[in-house]
Amino acid sequence: MSFDVDNIFDKAASGSSLVKNRQALTIDYVPEKLPFRDEEAKTLAQVLSTVFKGARPSNLLLFGKPGTGKTAVAKNVVDRLQKKSNELKIDVTVIFINAKTAGSAYKVLYEVAEELGINKEQGKQVHFTGLSMGEATDRILQYIQKKKLHFILVVDEIDSLVDKSGDDILYNFTRANQRMGKGGFVTLIGISNSLTFKDKLDPRVRSSLSEEEVVFNPYTVNQLRQILQERSKLAFSDSAISDAAINLCAAMAGREHGDARKAIDLLRVAAELAEREGAPKVDENHVRAGQDRIEKDAPFVVVKNAPAHHKLVIIAVIKSKSGITGDVYDTYLALCKRAEQKQLTQRRVTQIISELELLGLVSTDIVNQGRYGRSQKIKITIPPTTISEALKEDSLASLID
DNA sequence: ACTCCACAGGAATAACCGGGCG
DNA sequence: CGCCCGGTTATTCCTGTGGAGT
C-alpha cells in the first residue's frame, strides 16, 4: 500500500501532471467564449443593454435542460455587463443567486440583502432569520428605492424556489417596479431546468416574469466534442489526452441529452484516474472507468449522509423478500426494534421511499394484485455492496446480514 | 358486473427546532 | 422572557384505484 501513496505524492510533486489548469474542468468555470451559444448570448445582451439608456430592461426567463449552458451564458453576459457599466460609470447592481444551493426562499432574500450590503447599514436589516417573508422583501425593495439602484437579479434554478415556497416572492419583485416609480428598478432573470416551470406560476407573475424568453437546446454530440476539445486545450498539457478519449466522453454524455456539464465532469474524473495511475495520457479506458466511478460515487455519498430512518428503509428494502410495501414496512418495523429506534408510520415510510426514488437509490413499480390489493414493488438500483460499504462506520451497519 | 384488498398519495395539521423580536 | 416566524419531519385522516376473485 505505502508505495502507492509515495507514488501519488511523487507524481504530484514532480509537477509533470497531465492537467495544467484544473480550474477549467470544474463546474463553476465560465469560459470566455461559449461555442454554439452566440444567439442566446446576443439576445440576452440586447435585452439587458437597455440599462445603459437608463431604462429598465425586461425580465427574462432562460429555459433548457441541465448542461445546456444557461448558467454559463448568463454569468458570462452579466459579467461583461458589469465591466462595461464600470467603464461607462453607470451604476448597475447585479446579483447572481442559485436558489437551490441557497436552500430556502428566505435564504435567497437573506443572501440578496447580504450582497446588497443592506446589513452593513443602520436600521432595516435583513437578519438570518426571524423576519416574515413579506417584511424581508419590503426591506430589500425599500433599500433599492432609497438608493435608486438599477438592480439586476439573476436567480439560477428558480424552479426550486417556486416548488418550495410558491411564487409570492417573485410576485412581489415583479410588481415592485410599479410601486417604486422613478429612480430604482428591478430586473429579474430566472433560469430554469424545467420546461413546464411556467405552468406552475400565477398568471400575473408568468406574464411579467417572462417578458422575454430564451430557450437553450441541448448540444449535439458533435458540438459537445468541439466544446470538450476547446476545454481540453485549456485544461490539459500538450497531448495529454487522446482524441479518442474526447470523442468517447462526448458520445457518452450525448447519449441521454447533450449535457455539457456531465461531459466535462466525466473528463475531469477520467483525468484524475489517469493521473493517479501515472499514465502518460488520458485514454478511452480512463473515460470508461470514470463513468463507472461517477455512477458509483454519487449514491455512496448519499447513503452515507442519509438520515437514520432513510438508512433503515434502505436496509429494509434490501432485506425484504418481495419488495412489496407491506413487506418492506414489516421488516422496517423489525429493524427499528432491533436498533431501538422510534417506529415511523407507514405513510411516512412511503414518503421516504419516494424520496429515495428521487435520489435514484431505489426504483418503484406499481403492481396490481387484484383481490390482494394494489401496492408498490420497490427495488434497489445500486449494488448492495455499495450500501454496506457506505454504512461501514455506521451504528446501523450490524443490521445488514 | 361487482366487490373489495392493500395500498398510493394528497391535504391538513401537529410537533419541534433554531433564531430574532420587543 | 415569552412570542413569532419559517422550515422540516411526522402523524392523522382521507379519497382513489386496477384487477383477481366471486
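Naming: A, B, ... by sequence-line order, numbering from 1 per chain. Since the structure is predicted, the reported quantities are computational estimates derived from the model, not experimental observations.
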Whole angstroms only, please: what is the [atom1]-[atom2] distance between [X] and [N]?
X      : N      : atom1 : atom2 : value
A:I378 : B:dC7  : CD1   : C1'   : 11 Å
A:Q346 : C:dT11 : CD    : P     : 12 Å
A:I352 : B:dG9  : CD1   : P     : 15 Å
A:L312 : C:dA10 : CG    : P     : 11 Å
A:D330 : B:dC7  : CG    : C1'   : 13 Å
A:Q369 : B:dA8  : CD    : P     : 11 Å
A:I366 : C:dT17 : CD1   : P     : 12 Å
A:Q351 : B:dC7  : CD    : P     : 18 Å

Heavy-atom nearest nucleotide on DNA chain B for A:Q376 versus A:G373: which residue maps closer to 5'?
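In this pair, the answer is A:G373.
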
So which one's nearest nucleotide on DNA chain B is more toward 5', A:G326 or A:R347?
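It is A:G326, whose closest nucleotide lies nearer the 5' terminus.
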
With a cut-off of less than 4.0 Å, is there a side-chain N or O of A:T325 near OP1 or OP2 of B:dA8?
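Yes, because at least one side-chain N or O of A:T325 sits under 4.0 Å from OP1 or OP2 of B:dA8.
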
Quick one: is B:dA8 close enough that its OP1 or OP2 comes under 4.0 Å of any side-chain N or O from A:S375?
no

Nearest-nucleotide pick for [X], side chain only, options being [options]:
X      : options                : answer
A:R371 : B:dA8, C:dT12, C:dA20  : C:dA20
A:H309 : B:dG9, C:dG18, C:dA10  : C:dA10
A:N368 : B:dA6, C:dG19, B:dG10  : C:dG19
A:R374 : C:dG21, C:dA10, C:dG18 : C:dG18

Verdict with supporting geometry, A:E355 and A:R348, salt bridge (charged side-chain N to carboxylate O under 4.0 Å, His left out)
CA-CA 10 Å; A:E355 282 165 27; A:R348 177 62 183 146; 3.4 Å; yes

Correct closest heavy-atom pair for A:N76 and A:P31 would be ND2-O, 3.1 Å

Within 6.0 angstrom of A:N368 CG, more than 12 heavy atoms from elsewhere
yes

Determine whether more than 12 heavy atoms belonging to other residues, nucleotides or ligands lie under 6.0 Å from atom NZ of A:K75.
yes

Using distance alone, with no hydrogens and no angle criterion, decide if A:Q226 and A:E230 have a side-chain donor and acceptor under 3.5 Å apart.
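Note: A:Q226 and A:E230 side chains miss the donor-acceptor criterion.
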
Could you tell me if the side chain of A:I95 sits less than 4.5 Å from the side chain of A:F151, heavy atoms only?
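Heavy-atom side-chain distance check passes, below 4.5 Å.
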
Can you give me the bend angle of the helix from B:dA1-C:dT22 to B:dG22-C:dC1? Use the axis through the first five pairs and the one through the last five, nearest 10 degrees.
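Axis-to-axis angle, ends of the helix: 30°.
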
Within the 4.0 Å heavy-atom criterion, would you say A:E355 contacts the bases, only the backbone, or no part of the nucleic acid?
nothing

With a 3.5 Å cut-off and sequence neighbours excluded, list the donor-acceptor pairs that the side chains of residues 376-384 of chain A form with protein atoms.
unit_1, atom_1, unit_2, atom_2, d
A:Q376, OE1, A:T364, OG1, 3.3
A:K377, NZ, A:S322, O, 3.4
A:T381, OG1, A:G360, O, 2.8
A:T381, OG1, A:L361, O, 2.8

